[in-house]
Amino acid sequence: MGWLVRISVILVVVVGLIVGVLLLLPGDKIASLAADQIKAQTGRDVDFGKDVKVTLWPVLGIETGAVTVGNADWASDAPMLKADTLSIGVAAAPLLSGEVQIKRVIAQNPVLRLEEAGERQNWNFSTAAGASDATGTTAPRASSTESFGVTLERLELRNARLVHIKDGQTDLDFAGVTLKARWPNPTAPLEVEAALAVGKDTIDVVMTLPDLPGFAAGRVTDMSFSMTAPETTLSYSGKVSSVGEISGQAKLASKDTARMLAAFGQPGINLPQGLGQAAEVSTQVTYTQDGKLALRGLRATLDQNTFAGNADLLVADPPQIAARLTTSTLDLTGLTSAEGGSGASDGASAASGWSKDPIDASALSLANGSIRLTADAIKTSGLALGASDLTLDLDRARAVLKLSPVSVFGGTVTGQLVANNRNGLSVGGKLQLNGIDAQDTLVTLADIERLSGKLDGSVEFLGVGQTEDAIMHSLSGRGGLQMGRGVISGIDLDGLMGTGNGSGGTTVFNSLTASFTMQNGNLDNRDLLLQLDNYRADGGGSVGLGNRDIDYLFTPVALRANSGKGLAIPVRIVGPWSDPAIKPDLSQVIEAAAGVEIDKIEQEAKDRALEKLSEELDATVTEDQDVEELIKDRLEDEAKKGVLKLFGLD
């Protein structure tokens with residue numbers, strides 16, 4: 001047994017000598033040796049700076065001043081990591097058996113740059129430490145967590161800045177971050193806590209990764225995640241991979257989305273009431289490495305509105321969206337009620353003209369794609385829609401809203417509306433109307449109350465301009481309408497044409513048809529046909545869509561009232577939409593009366609001529625007889641009598 005004792009003594013002496021040598025070495029020399037080993041393992045230059053302090057037992061530790069870790073050779077020139085101070089401690093005893101128990105990693109004011117280019121990441125060190133195979137190529141080594149045990153008792157980044165750069169573009173840059181992590185043993189979950197201030201308020205993040213070795217080895221593992229912002233919580237529970245792919249259940253609850261967005265660095269965004277001043281969202285979410293985000297079983301409550309459906313999003317510039325949503329009643333009354341005031345510009349009332357406030361249509365370029373919404377009803381401050389099927393297609397700042405169909409004003413509207421902001425703003429549409437209540441439509445759109453009935457029609461229009469006023473003054477297009485039985489209030493055309501008194505009362509008509517064209521904000525119609533029981537009337541004139549005025553003339557063309565003895569009096573409607581004047585057109589009456597007088601004089605002259613001719617011919621001559629033939633026959637008779645007298649045959 002003596003040999004065993006001798007060997008033991010020799011080992012103790014050797015260990016003592018090693019420890020003694022290490023104790024005699026200065027801290028910067030040990031730091032240099034450590035830096036060389038780190039470079040050998042990672043391929044990165046490490047500089048621990050000066051004033052390095054080293055402890056050997058029971059914790060192998062190193063405390064440095066300013067420290068930097070170099071970047072990958074393909075990445076930017078900036079270091080991957082730099083910090084004002086760094087403290088690292090590893091349990092010494094377990095290290096002798098190949099187990100790494102990290103007691104602490106504490107960095108003060110660190111800046112961590114994570115860079116990606118294609119499939120390369122600057123935090124992936126596997127190729128630097130790979131072993132060459134028989135062909136001379138470098139094979140990636142197994143994850144450190146697969147080859148030996150590594151644990152982390154305490155990690156702290158104090159006042160850190162985290163930067164993420166993808167393909168040369170910075171897409172994330174957070175400062176003022178505090179991060180803590182712990183992984184006490186290889187079978188325990190990795191727990192991470194972070195606090196960051198992107199905006200005015202702090203955001204707290206908690207993440208749990210139950211299988212860190214599996215995650216590091218590239219396997220899909222479980223993960224839970226929660227984020228707390230002012231008045232907001234966001235949570236995720238599901239699967240995750242080391243390349244950032246996820247699949248699980250996500251939930252968002254926010255009582256104040258404006259404050260939430262400000263905390264994420266987007267201040268000043270105040271969503272309208274009904275579109276998410278408060279929000280609750282839950283969905284099954286899947287995100288893949290190629291930037292595709294899929295939301296399934298989506299349910300969102302935005303203020304008083306609730307949506308359900310599915311959505312797909314491709315993370316790009318701009319994002320690509322495909323969504324299919326349903327809702328019962330969509331309440332959008334808050335979109336305009338929150339604006340306050342009369343809604344007119346330049347201090348004028350709404351009746352005096354269209355708004356001249358600039359229209360911000362920049363939202364048309366925020367995304368591309370297609371969103372379909374079906375609703376049982378849609379409410380706005382000035383319009384109520386019934387069952388509606390709407391599809392919004394977005395393509396490079398051009399939006400097309402397809403109505404297929406929309407129930408409105410007691411009927412349906414099909415077709416499409418277009419807003420194009422590629423080279424200045426233009427709006428247009430092509431619509432088909434079926435069974436629309438004329439009075440509800442005109443009251444809502446033009447403050448006109450006098451016409452009621454059901455109408456069918458079509459319209460095509462185009463307007464250009466950056467304000468509502470400019471668009472309405474530029475409108476062009478065409479259309480037509482047809483109505484069955486209806487009523488015009490405020491005027492009694494039967495009384496007007498029969499007695500000359502048509503003020504007040506109503507006119508009931510059997511049908512109304514008209515076509516129109518639009519140019520420079522003026523609607524022109526020349527073929528209105530109004531059918532009543534006792535007469536028909538034509539109409540023609542213009543409606544100023546830009547100036548909000550009207551100049552229109554109804555003209556009777558056939559009159560049977562009062563046994564045909566009534567007086568036909570044309571009616572002119574002229575003035576602003578808000579208060580047009582309706583009155584007989586006396587100029588038309590005078591012209592008609594003058595025409596009747598001329599006809600009477602011509603008839604009297606013709607009657608006297610026929611009477612004189614009858615006396616001369618000694619026969620009754622009527623208007624329908626051929627006067628020339630009568631005279632010719634009379635001359636022939638007189639000639640015959642003269643010949644007979646000549647030969648004494650009379």
First locate atom [atom1] of [X], then atom [atom2] of [Y], and finally report the distance between them rounded to the nearest 0.5 Å.
X	Y	atom1	atom2	value
Gln466	Asp360	CD	CG	9.5 Å
Ile106	Arg158	CD1	CZ	5.0 Å
Ile378	Thr327	CD1	OG1	8.5 Å
Leu234	Met260	CG	CE	9.0 Å
Gln108	Leu157	CD	CG	10.0 Å
Leu298	Ser282	CG	OG	7.5 Å

Notebook entry, point to check: Taking everything shown except Arg299 itself, do over 12 heavy atoms lie less than 6.0 Å from its CZ?
Noted result: no
Note to self: Tell me if the CG atom of Asp290 is crowded by more than 12 foreign heavy atoms within 6.0 Å.
What the structure shows: yes
Note to self: Using the rule given for side-chain contact (heavy atoms from CB on, under 4.5 Å), can you reason through Glu116 versus His164, listing the C-alpha separation, both sets of side-chain angles and the distance that settles it, and then say yes or no?
What the structure shows: CA-CA 8 Å; Glu116 295 184 71; His164 183 264; 2.7 Å; yes
Return a table of donor-acceptor pairs under 3.5 angstrom between the side chains of residues 186-196 and protein atoms on other chains or two or more places apart.
from   : atom 1 : to     : atom 2 : distance (Å)
Thr187 : OG1    : Asn185 : OD1    : 2.7

[X] side chain to [Y] backbone, donor-acceptor under 3.5 Å:
X	Y	value
Asp167	Gly118	yes
Asn305	Gly274	yes
Arg396	Arg422	no
Ser355	Asp357	yes

Any side-chain heavy-atom pair of [X] and [Y] under 4.5 Å:
X	Y	result
Leu417	Val427	no
Leu112	Leu114	yes
Leu261	Asn270	no
Phe307	Leu373	yes
Val418	Arg398	yes
Val315	Tyr287	yes
Thr391	Ser370	yes

Check: Hey, mind stepping through Leu332 and Leu275 against side-chain contact (heavy atoms from CB on, under 4.5 Å) and telling me if it holds?
Finding: CA-CA 8 Å; Leu332 300 178; Leu275 294 184; 4.0 Å; yes
Could you pull out the closest heavy-atom pair between [X] and [Y], with the gap in Å?
X	Y	value
Leu364	Ala399	CD2-CB, 3.6 Å
Gly276	Asp303	N-OD2, 3.1 Å
Gly297	Asn310	N-OD1, 3.0 Å
Asn421	Ser362	ND2-N, 4.1 Å
Pro318	Leu366	CB-O, 3.6 Å
Pro230	Asp201	CG-CB, 3.2 Å

Next item on the list: For side-chain contact (heavy atoms from CB on, under 4.5 Å), just list the numbers for Ile321 and Leu394, CA-CA rounded to whole Å, side-chain angles, deciding distance to a tenth of an Å, and then say yes or no.
Entry: CA-CA 9 Å; Ile321 300 174; Leu394 298 167; 5.8 Å; no
Notebook entry, point to check: Are a donor atom and an acceptor atom from the side chains of Thr374 and Arg324 found within less than 3.5 Å of each other?
Noted result: yes
Item checked: Residue pairs, two or more places apart or on separate chains, that pass salt bridge (Lys or Arg N to Asp or Glu O under 4.0 Å) and touch residues 312-322 -> Arg296-Asp312
Next item on the list: Please list all pairs passing the salt bridge (Lys or Arg N to Asp or Glu O under 4.0 Å) test where one or both residues lie in residues 270-289, with sequence neighbours left out.
Entry: none
Listing, residues 65-78 side-chain donor-acceptor contacts under 3.5 Å, not counting sequence neighbours, or none:
from  : atom 1 : to     : atom 2 : distance (Å)
Asn71 : OD1    : Asn122 : ND2    : 3.1
Asn71 : ND2    : Ala78  : O      : 2.9
Asn71 : ND2    : Glu115 : OE2    : 2.9
Ser76 : OG     : Glu115 : OE2    : 2.4

Item checked: Qualifying residue for side-chain contact (heavy atoms from CB on, under 4.5 Å) with Arg113, from Leu162, Thr170, Ile165, Leu81 -> Ile165
Item checked: side chain to side chain donor-acceptor pair (under 3.5 Å) between Asn368 and Asp395, intermediate numbers included -> CA-CA 5 Å; Asn368 293 333; Asp395 179 28; 4.6 Å; no
Next item on the list: Could you check Gln284 against Ser247 for side-chain contact (heavy atoms from CB on, under 4.5 Å), going step by step and ending with a plain yes or no?
Entry: CA-CA 7 Å; Gln284 177 71 27; Ser247 179; 3.8 Å; yes
Give every donor-acceptor pair under 3.5 Å between a side-chain atom in residues 220-229 and any protein atom, sequence neighbours left out.
from   : atom 1 : to     : atom 2 : distance (Å)
Asp222 : OD1    : Lys239 : NZ     : 2.6

Notebook entry, point to check: Which residues satisfy the salt bridge (Lys or Arg N to Asp or Glu O under 4.0 Å) test with Asp204, sequence neighbours excluded?
Noted result: none
